[in-house]
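Quick notes on the structure that follows.
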Protein chains: 2
Amino acid sequence: MTATAPRTSPRKRAGNGTARRIDADEIGLDALVGHAGYAVRRFQIWIFQDFIRTLGDVDIRPTQYSVLTVIGANPGLSQMAVAKRLGIERARLVHLLDSLEQRKLVKRVKSKADRRSHALHLTIKGETALAKFKRLAAEHERHVEAKIGKENRAQLLRILAGFT
Amino acid sequence: MTATAPRTSPRKRAGNGTARRIDADEIGLDALVGHAGYAVRRFQIWIFQDFIRTLGDVDIRPTQYSVLTVIGANPGLSQMAVAKRLGIERARLVHLLDSLEQRKLVKRVKSKADRRSHALHLTIKGETALAKFKRLAAEHERHVEAKIGKENRAQLLRILAGFT
DNA sequence: GAAGATTGTTGTTGACGACAACAATTGTCG
DNA sequence: CGACAATTGTTGTCGTCAACAACAATCTTC
């Protein structure tokens with residue numbers, strides 16, 4: 001099979017002759033272990049799924065939550081400012097705000113200073129709703145602690161603080 | 001928590017009257033800081049972009065790399081086994097393999113033991129190509145070290161080891 | 001041998017990032 | 001001042017990806 005081929009550890013050769021049962025957890029990942037990106041991706045999938053499930057009753061996804069949080073903490077921001085701060089494309093933010101505005105959580109106010117832009121604000125309903133979302137998000141965060149450990153979660157936040 | 005709007009720190013109310021300039025980096029994230037999911041998402045975006053850029057010349061994306069790596073380390077696996085191991089939907093893996101097979105990096109061999117399934121193998125070209133991909137991936141990993149620090153990267157891998 | 005499960009495949013839906021084009025408005029600079 | 005460039009929100013397209021659902025071929029189980 002090889003032409004010198006620097007393969008590392010072909011552990012089981014169960015493909016052809018032998019019909020050996022292979023449990024998914026005994027398959028070697030080889031070089032994948034040791035790649036930060038892979039671990040981070042798997043973790044991110046887990047954490048998002050838990051977030052979506054925990055905030056399932058209120059039907060709020062992570063991105064929506066981040067938008068509401070930023071507007072709540074900085075009323076009057078333009079769409080451009082919010083998009084830049086969260087690393088979202090402004091085109092994408094349009095749809096997010098359309099949805100949040102339909103649900104009466106956010107309102108776009110025409111800015112008088114710059115008639116091109118909209119000043120974003122939470123509605124009253126949006127503020128009380130966000131308070132509830134924050135409680136649920138805190139619950140989700142406790143799930144993370146339970147999963148990786150309180151100390152490890154703190155470490156993680158410290159390590160990745162530069163990316164927020 | 002209360003219906004009396006427990007907003008935490010509406011720092012600047014720059015929306016309407018005042019036309020104050022707001023730099024993107026002085027916008028408060030409020031509750032978003034302290035959410036592991038947000039930090040992880042931003043970091044994952046950064047790390048994937050660097051991976052894609054570093055492996056840009058060979059046109060290999062992170063998911064493709066993970067598939068090649070697992071097949072290389074465990075020749076003869078079925079599509080189902082690979083999908084389960086990597087947390088990919090088997091429907092999605094079909095397209096990934098279509099692409100990799102067109103590029104002559106992977107071949108689907110009809111399994112004699114179970115005629116429903118395919119035994120997955122790297123081609124000769126696939127093996128030498130993967131060796132090159134691994135060198136580039138190692139380079140990418142050095143970028144990660146340069147970004148967050150060698151010690152922090154090791155910590156991160158340790159913390160997230162359970163998700164691989 | 002019949003009923004049920006598994007494997008690969010095709011298709012659809014929706015969230016998301018990246019890009020391009022456009023009208024309205026603002027800023028700049030000759 | 002007035003022409004030209006830049007910005008803001010919007011619409012649209014394209015490609016990636018997760019989540020389902022349905023299906024034929026094949027295996028497993030009773």
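Numbers restart at 1 for each chain; the letters A, B, ... are given by sequence-line order, proteins then strands.
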Notebook entry, point to check: So which heavy atom on B:Val144 is nearest to which on B:Arg153, and how close?
Noted result: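 So the minimum-distance heavy-atom pair works out to CG1-CD, 4.1 Å.
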
Notebook entry, point to check: Do any of residues 57-64 of chain A sit with a heavy atom less than 4.0 Å from DNA chain C, and if so which?
Noted result: A:Arg61, A:Thr63

Note to self: Counting the atoms with a prime plus P, OP1 and OP2 as sugar-phosphate, which does A:Gln79 contact under 4.0 Å by heavy atoms, base, sugar-phosphate, or nothing?
What the structure shows: sugar-phosphate

Check: Taking CG from A:Leu96 and P from C:dG14, how many angstroms apart are they, rounded to a whole number?
Finding: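 After rounding, the reported distance stands at 15 Å.
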
Checklist line | For atom NE2 of B:His95 and atom C1' of D:dA18, their distance in whole Å | finding: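 After rounding, the gap between these two atoms is 12 Å.
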
If you only use heavy atoms from C-beta on, which nucleotide in [options] is closest to the side chain of [X]?
X: A:Ala91; options: C:dC19, C:dG8, C:dT26; result: C:dC19
X: A:Ser117; options: D:dT8, C:dC19, D:dT26; result: D:dT8
X: B:Arg108; options: C:dG8, C:dG17, C:dT9; result: C:dT9
X: A:Val94; options: C:dC16, D:dG9, C:dC19; result: D:dG9
X: A:Gln49; options: D:dA18, D:dT26, C:dT10; result: D:dA18

Note to self: Under 3.5 Å, is there any donor-acceptor pair linking the side chain of A:Arg116 to the base of D:dT7?
What the structure shows: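 Such a pair is found, so the answer is yes.
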
Margin query: Taking donor-acceptor contacts at under 3.5 Å, does the side chain of A:Arg92 reach the base of C:dG17?
Written below: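 By the distance-only test, no, there is no pair.
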
Notebook entry, point to check: Do the side chain of A:Gln102 and the main chain of A:Ser99 share a donor and acceptor less than 3.5 angstrom apart?
Noted result: no

Next item on the list: Kindly indicate, with the supporting measurements, whether the criterion side chain to side chain donor-acceptor pair (under 3.5 Å) is fulfilled by B:Gln155 and B:Arg158.
Entry: CA-CA 5 Å; B:Gln155 284 264 348; B:Arg158 183 185 59 73; 3.0 Å; yes

Note to self: Salt bridge or not between A:Arg108 and A:Glu101? Use side-chain N to carboxylate O under 4.0 Å.
What the structure shows: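 Salt bridge flag = yes for A:Glu101 with A:Arg108.
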
Notebook entry, point to check: Under 6.0 Å between the ring centres of A:Tyr65 and B:His35?
Noted result: yes

Check: If you find the nucleotide of DNA chain C closest to A:Phe48 and the one closest to A:Arg115, which residue's nucleotide is nearer the 5' end?
Finding: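 Looking at DNA chain C, the more 5' nearest nucleotide goes with A:Phe48.
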
Notebook entry, point to check: With side chains defined as the heavy atoms from C-beta onward, is the minimum distance between B:Tyr38 and A:Thr69 less than 4.5 Å?
Noted result: no

Margin query: Looking at B:Arg90, I'd like to know whether one of its side-chain N or O atoms comes within less than 4.0 Å of OP1 or OP2 on D:dC20.
Written below: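 No, no such contact exists.
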
Notebook entry, point to check: Of B:Lys107, B:Lys110, B:Gln79, which meets side-chain hydrogen bond (donor to acceptor under 3.5 Å, both in side chains) against B:His118?
Noted result: B:Gln79

